[in-house]
Amino acid sequence: MRKLRGIAAAIAEAVDQEMAADPAVVVLGEDVTYWGAVFGFSMGLMQRYGRERVVDTPITEQTFMGMAVGAAAAGLRPVVSLMFVDFLGAGFDQMFNHMAKNHYMSGGQVAMPVTVLTAVGGGYGDAAQHSQVLYGLFAHLPGFKVVVPATAYDAKGLTTSALRDPNPVLVFGHKLLTGLPFLPFEGLEEEEVPESPYTVELGRAAVRREGRDLTLIAAGLMVHRCLRAADRLAGEGISAEVVDVRTLVPLDVETLVASARRTGRVLIVDEDYQSYGMSGELAFRIQAGAFGALQAPIRRLAVPDVPIPFSEPLERAVIPSVDRICEEARALLGAAAAASSP
Amino acid sequence: MRKLRGIAAAIAEAVDQEMAADPAVVVLGEDVTYWGAVFGFSMGLMQRYGRERVVDTPITEQTFMGMAVGAAAAGLRPVVSLMFVDFLGAGFDQMFNHMAKNHYMSGGQVAMPVTVLTAVGGGYGDAAQHSQVLYGLFAHLPGFKVVVPATAYDAKGLTTSALRDPNPVLVFGHKLLTGLPFLPFEGLEEEEVPESPYTVELGRAAVRREGRDLTLIAAGLMVHRCLRAADRLAGEGISAEVVDVRTLVPLDVETLVASARRTGRVLIVDEDYQSYGMSGELAFRIQAGAFGALQAPIRRLAVPDVPIPFSEPLERAVIPSVDRICEEARALLGAAAAASSP
Amino acid sequence: MWKPEPSDVDLRYLVEQDQLTEDGLLQAYRTMCTIRAFEEAIAERYAVGKTPRFDMASGPIRGEMHLAVGQEAVAVGVCPLLEAKDAVVSTHRPHHHALAKGVDPGRLAAEIFGRQTGLCQGKGGHMHLFDRELNFACSGIVGASFPQAAGAAFAFRHRGEPRVAVAFAGEGAANHGTFAETLNAAVLWQLPLVIVIEDNLYADSTPKWAGLAQPHQFQRALGYNLPAYLVDGMDVMDVRRAARRAIEQARQGRGPSVIEAVCYRYRGHFEGDAEEYRTREELERWRALDPISRLGGRLRRLGWADGDRLARIEAEARDVVAAAVAFAERSPLPDPGEALTGVFG
Amino acid sequence: MWKPEPSDVDLRYLVEQDQLTEDGLLQAYRTMCTIRAFEEAIAERYAVGKTPRFDMASGPIRGEMHLAVGQEAVAVGVCPLLEAKDAVVSTHRPHHHALAKGVDPGRLAAEIFGRQTGLCQGKGGHMHLFDRELNFACSGIVGASFPQAAGAAFAFRHRGEPRVAVAFAGEGAANHGTFAETLNAAVLWQLPLVIVIEDNLYADSTPKWAGLAQPHQFQRALGYNLPAYLVDGMDVMDVRRAARRAIEQARQGRGPSVIEAVCYRYRGHFEGDAEEYRTREELERWRALDPISRLGGRLRRLGWADGDRLARIEAEARDVVAAAVAFAERSPLPDPGEALTGVFG
Ligand SMILES: Cc1ncc(C[n+]2csc(CCOP(=O)(O)OP(=O)(O)O)c2C)c(N)n1
Ligand SMILES: Cc1ncc(C[n+]2csc(CCOP(=O)(O)OP(=O)(O)O)c2C)c(N)n1
Ligand SMILES: [Mg+2]
Ligand SMILES: [Mg+2]
């Protein structure tokens, strides 16, 4: 089997194969041709399918998102690039009030098979308007499925599922997992990824590493930082389980709860802003499902409700790192089962 | 002391008094003159201050929000109406990437004294694009303060605090609390509200009713539904405490935790969408702070992740009602301290 | 108001030039009457349960209600030129467009009443009407129709289908950035798109002078290199003349157009509007240009109808509407459990 | 490229007409040289640590880096006509505007290097530069500058102050709906606003023909009833001529203007750009119009400078920049604890 490094080529391959199979699939967005949507998610597609099916749009997020809504209702299956998730604000109305709702509001008449590919995350010095994660916003709004691949295998399989889904699905690809040469890479160096099309089911978390003492739950890049932290903790005799959420919507509550029940201690690691986001939601679900089994309050490590600052020491201080994950994990194990501050 | 009914007049009075005190306060938005921003938050201000200070804008949310950003940086103190919170998507970029961040990104140079007044909520048949609450979205994004008044007294005092705050503050006024004649009213019928200006501090929850057996936590309209539920439960011998969050950001964790510790059981009632929003966040904070004291998993009642449907029986089925609050409260008391499903 | 009523000679000339037939004009008359009757019936039922206090939440129809009485000529000047396969994306004020596009009045009324038999099974409501067979959609968000219609047009052009998409929007909506963005997209990709701006002089309570820097939106469209027509929106023949050219051009792959139709809404922005922002006199001046009586007068002058025939058509229209409302009223409300279904397909 | 170089006679005529002085033109030359030197110095330092592999995250300057080499004339044709009290809102490509507005090169460089002494104490970075004293701001979000500058202009007009706000934006940004919305607002309220579109033919990798339905944005502005100038963005005198009129008009309360300056960026969209989307020949053709050597040539023809004097100015500019970069490099990084402060004021 052929090896891949990073999610960008994997996502582009999924789109490519679906385009080959279905002429209704078109790609829309800024710089999707020469630049493969900047982060590689549409690499090579223009060369293969031409500018009629791979369409550079003007810088008008509201309009190309709205066009995707209209085109999907008229039978196309648009794949839309939101270059950085940070730009959602320029097109959010068409996304959350139309793309996400028209199927429901129409009493099920209007299908909305749109896939949005977007790049997320910081850690390379791109500051407050180009480093956000923001999947929590979309996960809060009914009508979106929210996919956060951590591996190339998942990226391809989940993206294929996204394109075949009759609903709007957002794929949040972390820049530091793309495998592109101009960015740091924190994913798996060599991954076996089947060349032929396959799907990974939406709504299934993956236990990436089994452990006994505590559970680390994360998505995207943070899965890899948790795995590295787990390695390090293992050296200290701490056995950490690592669960990759994979899709925030639908959410695989069962796997999360089962892990929490096994270990009794949970640390949620999240690169999105801390409050009113993923970490709270997962905590709710886990305390509801594993109440008696929890030996300590659930902890979390996330961006502490500040914009992402530019300067390196500042940026490092706010994005969860392997060091900080280890510290939090140790604190969780040290903590009495009694109350601790959040 | 003079009595008021509803938050609309109270908010408008707060704005009025700040306009009288400070010529830098201007009001911008759609239909802020004749219609008082539709939901009354700027009632009477045009008559008093003229169209130069109370400015009807074209239907261009991104642009009048952006103008507020620029005007605030240039020394005005804009009060901006976002007529329905549902329309945020047309102006979200200027709100979350600029209004909320410019102070931080500028290293503290640029002040951003903007107050956004917006109407939220359903229950009167206005369907999926005019019934949302969405405070969870804003609360997730660093740089906003998020105010949700439940009473006229708070509405006036919190709005005054908002206008005097050097930061962007969003005031979420529930339509069914406005006291306007064309809408149902579920607030307090007769409230003593001082005529002279006063502030209510941002970041302090209020215990609206004391109780022993469980804590109901809510904001805005849901505070009143919780109070009614508490009345009814009292008739069944159940003593429910009701806590009004009042501001989601800053959040008064202490008061929430203290109540949870006293009663040992918590039900969060929220008119926003259920997942990845307020209920999760509050649950996290409470389990972190009151872990050992909780006798049952925290429960929640919120809009079950569907758009708000139009038809009355459907709408009633998704927005938390007094009946449903009572049911959930009873279930919470019946539930063993062991695990239960979410 | 600003276009002279054609003399008999000119009327005949226009009829010939625009290939108008007796049947066609009578059908236009009928549809306008149906729309008028429909909107008035909804207004009447909407008012039920709303006295003595006007409470938006009570009565058989709840929520906001935006009616288009007075604006019939715009819908009827455009939509009957379309086929079922052509797409229409409308606004918060969508009934007249829906009816002119051929949406069943019964299922439309049922949706407005929130019934199970409604277009959207009661989930949508009056601002969210969808009819998939007729490619009809709308939105309660101002400015949202432009890009969605452009998206439909994109799909048609992409597949090489001779189909047209029409976006309706108010003159207030055309201040929204989506108008300009969509003009650029439509011209750039030569989309089979017709944008129809219903310029009724007000956006909510805001008169045009307070929201628009210029008298008309069509002037802006000219800056994008596409045909832009300013027409008399109280004259169905005038609207139709521009619409025919625009739709033909689009269908033949020759690109998009804009039509701005100046018209007037007789009722408030929504039901319950106290209308402090305009005068009774202004309304009366516009009523004198009523599109239905104006077309009626022309039908008489052409010898294609007399007063009786027109009265009969009006009565028939009222019957159709009465049946539609009766259908809605006797239809069941949806089961509450339905609320939780259909988020995903 | 498309405007003839003035003959000696015409050059003198233009200088007189535009009240250009020896000092003024030499100062423009100096500022353009400073900008050029600054951008080239940043390019050089940015490249440190980025070989053999270009990794955006390594070296002394991290993240994206958008430089304006080639576009100096646009900034210098506009900003020196402004006072400190006038506002400028710039874009993701902001250094030339900042320097021309008078921002201290040392604090600017320090911000780009993420240092404590930077304009924003390292929190902003190259796309988020703020200088409150000089009323300078920018944003990494395309299209965001228009309404923010309009807001500043609104505040100035509201208080009756004779201050002007300038929005810079790319030709790609002007496709964004905020451009049209802001034009409407600016004309409606007669704001003291000047919108300067830096038309460098590309938006990222997207050539103008793929994103713009027409050759130029200024044509759209004309549809909004305001003066719109199309100028040679490689000719600082041509930019300045339009800017002077526009700024005077705004300052005197006579409303907004648009200036579209056609120019070219010599470097990639951002550093590291492989530039597959354009040819080397095109770049060379534009380089032949270099705004600095063009102004240098004119200074010589006017007898206001010889080669030595120009070389001295260039050398001084490089010194200024070297000192600025040295200041940045020896400045401390901020304390990590600072990250958690300053969300609220
Ligand atoms: C984005 C957005 N902003 C504001 C509104 C509130 N709103 C509903 S209708 C309306 C006025 C629309 O005016 P116009 O486009 O002229 O249409 P008309 O009502 O006159 O038919 C406004 C402001 C909305 N629905 N969506
Ligand atoms: C809303 C938004 N969409 C997309 C981007 C990504 N982006 C950054 S610069 C740019 C191109 C801008 O082109 P133009 O306005 O012509 O300015 P130039 O780079 O040529 O100076 C794009 C698409 C962004 N920053 N913001
Ligand atoms: Mg209107
Ligand atoms: Mg450009």
Side-chain angles (χ1 to χ4, degrees), chain A residues 29-38 46-47 51 55-64 66 83-84 86-91 93 122-131 175-176 180-186 273 303-319, chain D residues 50 53-59 61-64 92 111-116 118 120-128 139-144 170 172-178 203-207 210-213 269 272-277 333-343:
Chain A
E30 294 152 9
D31 304 291
V32 293
T33 62
Y34 286 116
W35 279 4
V38 178
M46 169 191 32
Q47 289 74 3
R51 276 190 179 269
V55 183
D56 281 336
T57 59
I59 309 169
T60 55
E61 282 78 6
Q62 200 79 270
T63 289
F64 65 74
M83 189 193 288
F84 288 70
D86 312 68
F87 308 157
L88 70 92
D93 174 63
Y124 62 103
D126 226 5
Q129 294 176 334
H130 290 74
S131 301
K175 287 165 245 172
L176 303 197
L180 296 172
F182 62 93
L183 287 165
F185 181 65
E186 298 193 26
Y273 300 119
V303 173
D305 296 332
V306 301
I308 309 296
F310 167 65
S311 182
E312 185 164 11
L314 305 182
E315 189 190 27
R316 277 186 198 285
V318 304
I319 300 180
Chain D
K50 296 195 176 68
R53 182 165 77 86
F54 176 82
D55 173 353
M56 211 172 254
S58 36
I61 308 177
R62 302 162 71 243
E64 290 173 69
H92 59 285
E111 187 61 31
I112 295 168
F113 279 79
R115 305 301 164 120
Q116 179 62 37
C120 310
Q121 298 163 32
K123 281 183 177 157
H126 126 87
M127 288 189 271
H128 314 107
S139 168
I141 302 294
V142 165
N175 283 328
H176 200 284
T178 48
D204 287 355
S205 70
T206 305
L212 230 82
H269 169 73
D273 182 355
E275 300 178 50
E276 322 79 338
Y277 51 83
L333 288 164
D335 184 86
E338 284 300 312
L340 302 186
T341 68
V343 176

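FYI, side chains are in, hydrogens and waters are out, and symmetry mates aren't considered; it's all heavy atoms of this structure. By convention in this document, chain letters (A, B, ...) are assigned in the order of the sequence lines, proteins followed by strands, and residues within each chain are numbered from 1.
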Enquirer: Which residue out of D:Leu212, D:Asp335, D:Thr206, D:Thr178 racks up the most heavy-atom pairs below 4.5 Å with chain A?
Expert: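 Highest number of heavy-atom pairs under 4.5 Å: D:Thr206.
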Enquirer: Among A:Glu61, A:Arg316, A:Arg51, which has the most heavy-atom pairs under 4.5 Å with chain D?
Expert: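 Of A:Glu61, A:Arg316, A:Arg51, A:Arg51 has the most heavy-atom pairs under 4.5 Å with chain D.
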Enquirer: Which atoms of D:Gln121 are under 4.5 Å from chain A, going by heavy atoms: the side chain, the backbone, both sets, or neither?
Expert: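 It is the backbone, since no side chain atom gets that close.
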Enquirer: Output the option from D:Ala210, D:Ser139, D:Ala144 having the highest count of non-hydrogen pairs under 4.5 Å with chain A.
Expert: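 Ranked by contacts with chain A, first place is D:Ser139.
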Enquirer: Looking at A:Thr33, A:Asp56, A:Asp31, which one forms a side-chain hydrogen bond (donor to acceptor under 3.5 Å, both in side chains) with D:Ser205?
Expert: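 Single pass found, and it is A:Asp31.
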Enquirer: Kindly compute the distance separating CZ (A:Phe310) from CZ (D:Arg115), expressed to the nearest 0.5 Å.
Expert: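 Reported value, rounded in 0.5 Å steps: 9.5 Å.
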Enquirer: What heavy-atom pair brings D:Pro334 and A:Ser311 nearest, and what distance separates the two atoms?
Expert: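 Looking at all heavy atoms of both residues, the closest pair is CD-OG, 3.3 Å.
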Enquirer: So, for A:Val306 and D:Ala339, which heavy atoms are closest and what is the spacing to 0.1 Å?
Expert: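 Minimum heavy-atom contact is CG1-O, 3.8 Å.
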Enquirer: Is it true that a side-chain atom of D:Arg53 and a backbone atom of A:Leu183 form a donor plus acceptor pair closer than 3.5 Å?
Expert: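 Yes, D:Arg53 side chain to A:Leu183 backbone: donor-acceptor pair under 3.5 Å.
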Enquirer: At a heavy-atom distance under 4.5 Å, which candidate from D:Thr341, D:Ile141, D:Ile61 has the highest pair count against chain A?
Expert: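 Heavy-atom pairs under 4.5 Å are most numerous for D:Ile141.
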Enquirer: What part of A:Glu315 gets within 4.5 angstrom of chain D, counting heavy atoms only: side chain, backbone, both, or neither?
Expert: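 Contact with chain D: side chain only.
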Enquirer: Looking at D:Arg62 and A:Gly123, what are the two nearest heavy atoms and their distance?
Expert: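 Heavy-atom minimum between the residues: NH2-O, 3.2 Å.
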Enquirer: Just wondering, do A:Trp35 and D:Glu276 contact through their side chains at under 4.5 Å, heavy atoms?
Expert: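 In short, these two side chains touch, coming nearer than 4.5 Å.
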Enquirer: Out of D:Ala213, D:Cys120, D:Gly63, which one racks up the most heavy-atom pairs below 4.5 Å with chain A?
Expert: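 Looking at each option in turn, the highest pair count goes to D:Gly63.
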Enquirer: Take A:Leu314 and D:Lys123 through the test side-chain contact (heavy atoms from CB on, under 4.5 Å) and record every step on the way to the result.
Expert: CA-CA 8 Å; A:Leu314 305 182; D:Lys123 281 183 177 157; 3.8 Å; yes
Enquirer: If you count heavy-atom pairs within less than 4.5 Å of chain A, which of D:Gly122, D:Gly143, D:Gly211 leads?
Expert: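 If we count pairs closer than 4.5 Å to chain A, D:Gly122 comes out on top.
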Enquirer: Is there a side-chain contact between D:Asn175 and A:Ile59, using heavy atoms and a 4.5 Å cut-off?
Expert: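 With C-beta onward as the side chain, the pair stays apart.
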Enquirer: Among A:Ala317, A:Pro309, A:Pro307, A:Pro184, who wins on heavy-atom pairs under 4.5 Å with chain D?
Expert: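 Among A:Ala317, A:Pro309, A:Pro307, A:Pro184, the one with the most close pairs to chain D is A:Pro184.
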Enquirer: Do the non-hydrogen side-chain atoms of A:Met83 and D:Asp204 ever get within less than 4.5 Å of each other?
Expert: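 A side-chain contact exists here, since the closest heavy-atom pair is under 4.5 Å.
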Enquirer: Kindly compute the distance separating CG (D:Asp55) from OH (A:Tyr124), expressed to the nearest 0.5 Å.
Expert: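 Those atoms lie 11.5 Å apart.
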Enquirer: Compare every heavy atom of D:Met127 with every heavy atom of A:Asp126, then report the nearest pair and how far apart it is.
Expert: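 Of all heavy-atom pairs spanning A:Asp126 and D:Met127, the closest is OD1-CE, 3.7 Å.
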Enquirer: Given heavy-atom pairs under 4.5 angstrom as the criterion, report whether the side chain, backbone, both or neither of D:Asp273 touches chain A.
Expert: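 Side chain only.
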Enquirer: Identify which of D:Lys50, D:His126, D:Met56, D:Glu111 forms the greatest number of heavy-atom pairs closer than 4.5 Å to chain A.
Expert: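 The residue among D:Lys50, D:His126, D:Met56, D:Glu111 with the greatest pair count is D:Met56.
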Enquirer: Which region of D:His176, side chain (C-beta onward) or backbone (N, CA, C, O), has a non-hydrogen atom less than 4.5 Å from a non-hydrogen atom of chain A, or is it both or neither?
Expert: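 Both backbone and side chain of D:His176 come within 4.5 Å of chain A.
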Enquirer: Is it the backbone or the side chain of D:Ala173 that comes under 4.5 Å from a heavy atom of chain A, or both, or neither?
Expert: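 Only the backbone of D:Ala173 comes within 4.5 Å of chain A.
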Enquirer: Would A:Asp305 and D:Leu340 satisfy side-chain contact (heavy atoms from CB on, under 4.5 Å), going step by step from the backbone distance to the final call?
Expert: CA-CA 8 Å; A:Asp305 296 332; D:Leu340 302 186; over 6 Å; no
